[in-house]
J.: 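I'd like to ask you about the structure that follows.
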2 protein chains.
Amino acid sequence: MTENRKSYHHGDLKPALITAGLELLEETGLENLSLRAIAARVGVSHTAPKNHFDGLRGLLTAIATEGFRRHAAEMRRGVEGEPPGKPRLHAACDGYLRFALANPELFRLMFSKTLCNHQDPDLMAASRASYEVLRGIAQGLDWDKADAPGAPWRTEWMLWSIVHGYALLLIEGQIARAGDGAAPFKASEILPDFGYRDGTTEPDPLRSSSA
Amino acid sequence: MTENRKSYHHGDLKPALITAGLELLEETGLENLSLRAIAARVGVSHTAPKNHFDGLRGLLTAIATEGFRRHAAEMRRGVEGEPPGKPRLHAACDGYLRFALANPELFRLMFSKTLCNHQDPDLMAASRASYEVLRGIAQGLDWDKADAPGAPWRTEWMLWSIVHGYALLLIEGQIARAGDGAAPFKASEILPDFGYRDGTTEPDPLRSSSA
DNA sequence: CCTTCATGTTTCCAATGTAAATTTTTCTGC
DNA sequence: GCAGAAAAATTTACATTGGAAACATGAAGG
């Protein structure tokens with residue numbers, strides 16, 4: 001039923017809308033993406049999505065959820081086979097950047113508090129899974145000096161901040177490079193040289209310190 | 001003429017619109033900010049701005065420009081009086097964060113490629129001036145190991161990325177803390193411990209390496 | 001005084017998201 | 001099988017938005 005439908009009922013509208021949304025997102029840009037356009041691409045009326053999503057925001061939330069899944073996958077893909085320590089760290093961060101630069105509009109949507117609902121259970125699960133990849137890498141990292149202040153997940157936040165910040169500055173065109181797009185951007189361009197501890201496990205912050 | 005106008009001509013509409021926009025921005029949020037609402041607050045028709053700005057995007061660009069001026073001012077305000085080295089670095093970054101968290105909607109607007117025109121000369125000047133503050137601080141920084149790869153302005157990018165990333169993750173609610181807003185967020189929470197060189201001057205990248 | 005032109009207004013239009021009422025299909029209990 | 005309920009889509013309507021065009025107003029300078 002994913003074909004050109006002749007029947008009144010689409011049969012698989014929910015995932016079809018998400019797919020169409022993912023496509024249109026990068027084609028038209030986040031701010032120009034409209035519910036009506038997504039519905040039109042699937043071939044249904046513009047009010048049809050109401051039966052499956054809670055308005056435009058609900059649909060965008062579902063799109064962002066799929067985005068986080070791919071985001072995590074892209075990081076994992078890079079990490080696989082890499083030995084622990086620096087290689088694995090850089091591979092994960094490279095995956096983070098690769099995804100962001102390949103799907104800039106989706107990436108911006110994913111981190112927009114206004115456009116998608118970060119209380120949504122599915123989004124939370126996907127988002128957290130993605131974060132866990134980075135967090136797993138940050139585990140053995142020794143960025144801090146001993147007397148450094150802050151929470152125990154300070155290192156995770158540092159790592160996340162720097163990769164995320166770099167990704168966004170690149171996406172928004174604040175940072176540009178000579179080679180227009182020839183050589184891919186690498187995390188090595190911004191990551192400081194780390195030291196490593198031996199597998200100490202930190203308590204799980206889940207992005208929030210409200211213990 | 002900033003008062004309740006009785007005359008047909010406002011007399012000072014351009015700055016009045018920017019001021020009203022800055023106010024409404026934080027009140028209603030970036031995505032809900034409308035040209036009509038801004039015009040209404042000033043007390044003119046919704047097409048009046050057309051005479052002073054190139055559409056909504058032009059107005060938003062002017063608002064963002066003022067944002068960058070205040071952003072730079074907030075950083076400079078913190079830096080003043082601080083001795084060079086670590087204190088000055090942290091003061092500048094604290095200013096960066098303080099501004100972002102006090103004006104989250106404005107901050108998001110400033111770095112939106114889509115919503116404002118980053119080719120605009122005024123915006124470019126203000127944006128660059130703001131960047132220069134951070135860059136000046138990064139001057140004597142020694143974050144890199146000797147064998148670190150990348151461009152000469154690598155350290156600037158590292159610093160900018162980490163502060164910018166932290167600011168955005170906080171704004172978008174991705175990172176939260178126990179004390180709901182009691183203690184201000186500090187750059188010391190994410191900045192690694194730096195070493196310092198003695199005032200070596202780096203070539204000016206101006207955010208782009210297209211030499 | 002009278003023309004010129006910048007500045008605002010009015011009116012109109014296309015696009016958007018949402019809601020309500022309606023139609024079509026599928027499912028379910030008998 | 002089949003009637004009725006529920007699900008899935010459609011049509012219609014509406015308020016808001018940004019923008020374009022034509023017009024109104026008043027200030028400035030001959």
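Reckoned from all heavy atoms, side chains included, excluding hydrogens, waters and symmetry mates. Letters A, B, ... mirror the listed sequences (proteins, then strands); counts begin at 1. As the structure is a computational prediction, the values presented were derived from the model and not from experiment.
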J.: Less than 4.0 angstrom between a side-chain N/O of Thr47(B) and OP1 or OP2 of dG8(C), yes or no?
T.: no

J.: Whether His52(B) contacts dG8(C) is assessed here as follows: a side-chain N or O lying under 4.0 Å from the phosphate OP1 or OP2. Is that the case?
T.: yes

J.: Given atom CZ of Phe53(A) and atom P of dG17(C), what is their separation to the nearest angstrom?
T.: 14 Å

J.: Is a donor-acceptor contact shorter than 3.5 angstrom present between the side chain of Asn51(A) and the base of dA9(D)?
T.: yes

J.: Taking atom C1' of dT16(D) as reference, at what distance in whole Å does atom CD1 of Ile38(B) sit?
T.: 15 Å

J.: Taking the side chain of Arg36(A) as its heavy atoms from C-beta onward, which of dG18(D), dT18(C), dT9(C) lies nearest to it?
T.: dT18(C)

J.: Tell me: CG of Asn32(A) to P of dT16(C), nearest whole Å?
T.: 9 Å

J.: In terms of side-chain heavy atoms of Leu56(A), which of dG8(C), dG19(D), dG17(C) is nearest?
T.: dG17(C)

J.: May I ask you to verify if any side-chain N or O of Ser45(B) is less than 4.0 angstrom from the OP1 or OP2 atom of dG8(C)?
T.: no

J.: CG/Leu123(A) to CZ/Arg69(A) distance, rounded to the nearest 0.5 angstrom?
T.: 9.0 Å

J.: Could you tell me how far apart Leu59(A) (CG) and dT16(C) (P) are, to the nearest whole angstrom?
T.: 14 Å

J.: In whole angstrom, what separates Asp54(A)'s CG from dG17(C)'s P?
T.: 14 Å

J.: I'd like to know if the side chain of Glu105(A) and the backbone of Gly29(A) have a donor-acceptor N/O pair within less than 3.5 Å.
T.: no

J.: For the pair made of CD in Glu31(B) and P in dT17(D), what is the distance, rounded to whole Å?
T.: 15 Å

J.: Do the side chain of Glu26(A) and the main chain of Leu106(A) share a donor and acceptor less than 3.5 angstrom apart?
T.: yes

J.: When you measure from the side-chain N and O atoms of Lys50(A) to the phosphate of dA19(C), is any distance below 4.0 Å, counting only OP1 and OP2?
T.: yes

J.: What integer distance in Å separates Asp12(B):CG from dA27(D):P?
T.: 15 Å

J.: Would you say Arg98(B)'s side chain and Gly78(B)'s backbone share a donor-acceptor pair under 3.5 angstrom?
T.: no

J.: Does Glu74(B) reach the main-chain N or O of His71(B) with its side chain, forming a donor-acceptor pair under 3.5 Å?
T.: no

J.: Does His46(A) make a side-chain donor-acceptor contact with the base of dT18(C), cut-off 3.5 Å?
T.: yes

J.: Between atom CG in Leu33(B) and atom P in dT16(D), what is the gap in whole Å?
T.: 16 Å

